[in-house]
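To start, the structure itself, in structure tokens.
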Amino acid sequence: MASLTLDRLRKVFSSEGDDGIVAVDDVSIDIEDGEFIVLVGPSGSGKSTILRLLSGLEELSDGEIYVDDTPIGDVKPKNRDVAMVFQNYALYPHLTARKNMSFGLRMRGELSDEEIEQRVDHAATIMGIEELLEKMPNELSGGQQQRVALGRAIVRDPKVFLMDEPLSNLDAKLRTTMRTEIQQLQSELDVTTLYVTHDQTEAMTMGDRIAIMNHGELQQIATPLEAYYEPANVFVAGFIGSPS
Ligand code: ADP
Ligand code: MG
């Protein structure tokens with residue numbers, strides 16, 4: 001468990017001959033230990049880039065990230081205490097569910113095989129996927145694959161969960177079920193979570209606070225009710241108020 005601080009994060013993607021795209025522009029957010037923040041905004045507003053900066057998949061152009069009070073901007077991805085869950089599940093197709101879940105820990109090389117298997121079994125129990133562990137990803141439904149992906153995140157025992165539109169490939173009914181599951185999981189494990197969505201319903205129902213992005217800039221961070229009743233600007237009013 002940990003607090004997570006985004007301190008004036010900036011990311012510019014540049015290619016030769018242009019000024020570059022400012023994907024994330026001076027974004028600061030203080031996330032408390034155990035808090036669930038939903039990062040919401042239209043397509044292209046910089047949400048995924050923020051998660052990729054936090055997980056170390058992209059390098060910062062400026063700013064710093066702190067887990068508790070430790071800066072992690074220069075720490076290698078595999079050594080950051082963060083676990084990321086993606087929209088497309090990103091399971092290794094040639095590995096069983098069990099091996100998908102244990103792979104990252106084996107790569108880290110800190111735990112014995114026995115300890116790793118214990119963690120996998122524990123995570124499988126939490127996610128209710130004990131019966132699926134020996135199956136290959138292509139034998140699993142979308143919802144089952146996402147449960148395995150969540151299990152793989154739990155196995156790492158991270159300080160921070162990062163989730164990038166984890167439910168948007170699921171049908172509406174399953175999405176509702178999984179929404180509740182993720183909320184329960186987060187409150188049981190009490191892991192600091194940054195959850196990205198472009199879905200207003202998810203934003204309004206899931207988070208302790210929502211952070212609203214547009215064009216790489218943070219527009220407002222507030223409780224869902226505050227954002228709804230006291231929007232910081234016209235963009236927030238339109239975005240939160242409009243039907244999804
Ligand atoms: P979101 O997740 O909110 O849809 P992204 O973070 O994916 O937004 O993208 C923010 C902006 O950065 C967009 O303009 C996108 O085209 C640009 N972008 C993202 N990744 C790259 C990249 N690797 N190279 C160049 N531009 C990128
Ligand atoms: Mg995205």
Side-chain angles (χ1 to χ4, degrees), residues 4-29 31 36-65 72-73 76-77 80 82-91 142 145-146 149-150 152-153 160-170 172 175 178-179 182 193-207 209-222 224 227 231-244:
L4 174 66
T5 305
L6 287 60
D7 184 19
R8 288 167 293 138
L9 301 194
R10 183 173 169 83
K11 179 64 184 179
V12 183
F13 290 107
S14 44
S15 51
E16 271 176 56
D18 64 25
D19 296 339
I21 297 167
V22 183
V24 176
D25 193 0
D26 207 23
V27 169
S28 296
I29 305 177
I31 306 177
F36 193 127
I37 300 273
V38 176
L39 190 59
V40 69
S43 180
S45 58
K47 307 181 299 295
S48 294
T49 304
I50 289 178
L51 291 200
R52 293 170 63 80
L53 291 169
L54 296 174
S55 61
L57 297 172
E58 297 286 355
E59 269 182 46
L60 290 163
S61 304
D62 206 351
E64 185 56 274
I65 301 157
I72 63 159
K76 287 197 183 117
R80 295 188 187 191
V82 303
M84 186 124 152
V85 177
F86 300 90
Q87 176 179 352
N88 59 7
Y89 325 128
L91 298 178
Q145 288 187 50
Q146 197 52 297
L150 286 163
R152 180 171 61 178
V160 176
F161 271 147
L162 304 172
M163 304 197 193
D164 196 354
E165 311 210 20
L167 306 184
S168 52
N169 280 348
L170 305 178
R175 201 152 59 220
M178 292 291 291
R179 208 182 276 161
I182 287 178
T193 300
L194 190 53
Y195 181 102
V196 163
T197 183
H198 64 266
D199 180 315
Q200 284 97 330
T201 310
E202 285 182 16
M204 294 305 284
T205 56
M206 291 183 79
R209 288 189 293 162
I210 58 179
I212 302 127
M213 297 284 300
N214 193 30
H215 295 310
E217 293 180 6
L218 180 65
Q219 304 293 311
Q220 183 170 11
I221 176 156
N233 56 40
V234 172
F235 175 81
V236 173
F239 193 76
I240 298 296
S242 66
S244 54

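Both counts, for ligands and for their atoms, begin at 1 and track the order of listing. For the single chain, residues carry numbers from 1 onward in sequence order.
Arg175 places a side-chain N or O within 3.5 Å of a backbone atom of Leu170 that can act as its donor or acceptor partner. No donor-acceptor distance shorter than 3.5 angstrom exists from the side chain of Thr197 to the backbone of Val40, with no hydrogens or angles considered. Looking only at distances, no side-chain donor or acceptor of Gln87 sits under 3.5 Å from a matching main-chain atom of Asn169. Looking at Gln146, its side chain does come within 3.5 Å of a backbone N or O of Pro166 through a donor-acceptor pair.
A search for side chain to side chain donor-acceptor pair (under 3.5 Å) contacts involving Gln145 returns nothing, not counting sequence neighbours. Every residue meeting the side chain to side chain donor-acceptor pair (under 3.5 Å) condition with Asp164, not counting sequence neighbours, appears here in chain and number order: Ser48.
Within the protein, the number of N, O or S atoms lying under 2.8 Å from the Mg ion (ligand 2) is 1.
Near ligand 1, heavy-atom contacts under 4.0 Å come from Phe13, Ile21, Ala23, Pro42, Ser43, Gly44, Ser45, Gly46, Lys47, Ser48, Thr49.
The two residues Thr205 and Arg179 make their nearest non-hydrogen contact at OG1-CD, 4.0 Å.
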**Verdict with supporting geometry, Glu165 and Lys47, side chain to side chain contact (heavy atoms under 4.5 Å, CB included)** = CA-CA 10 Å; Glu165 311 210 20; Lys47 307 181 299 295; 3.9 Å; yes

**Request:** Carefully, step by step, assess Tyr195 and Ile182 under the rule side chain to side chain contact (heavy atoms under 4.5 Å, CB included).
**Result:** CA-CA 10 Å; Tyr195 181 102; Ile182 287 178; 4.2 Å; yes

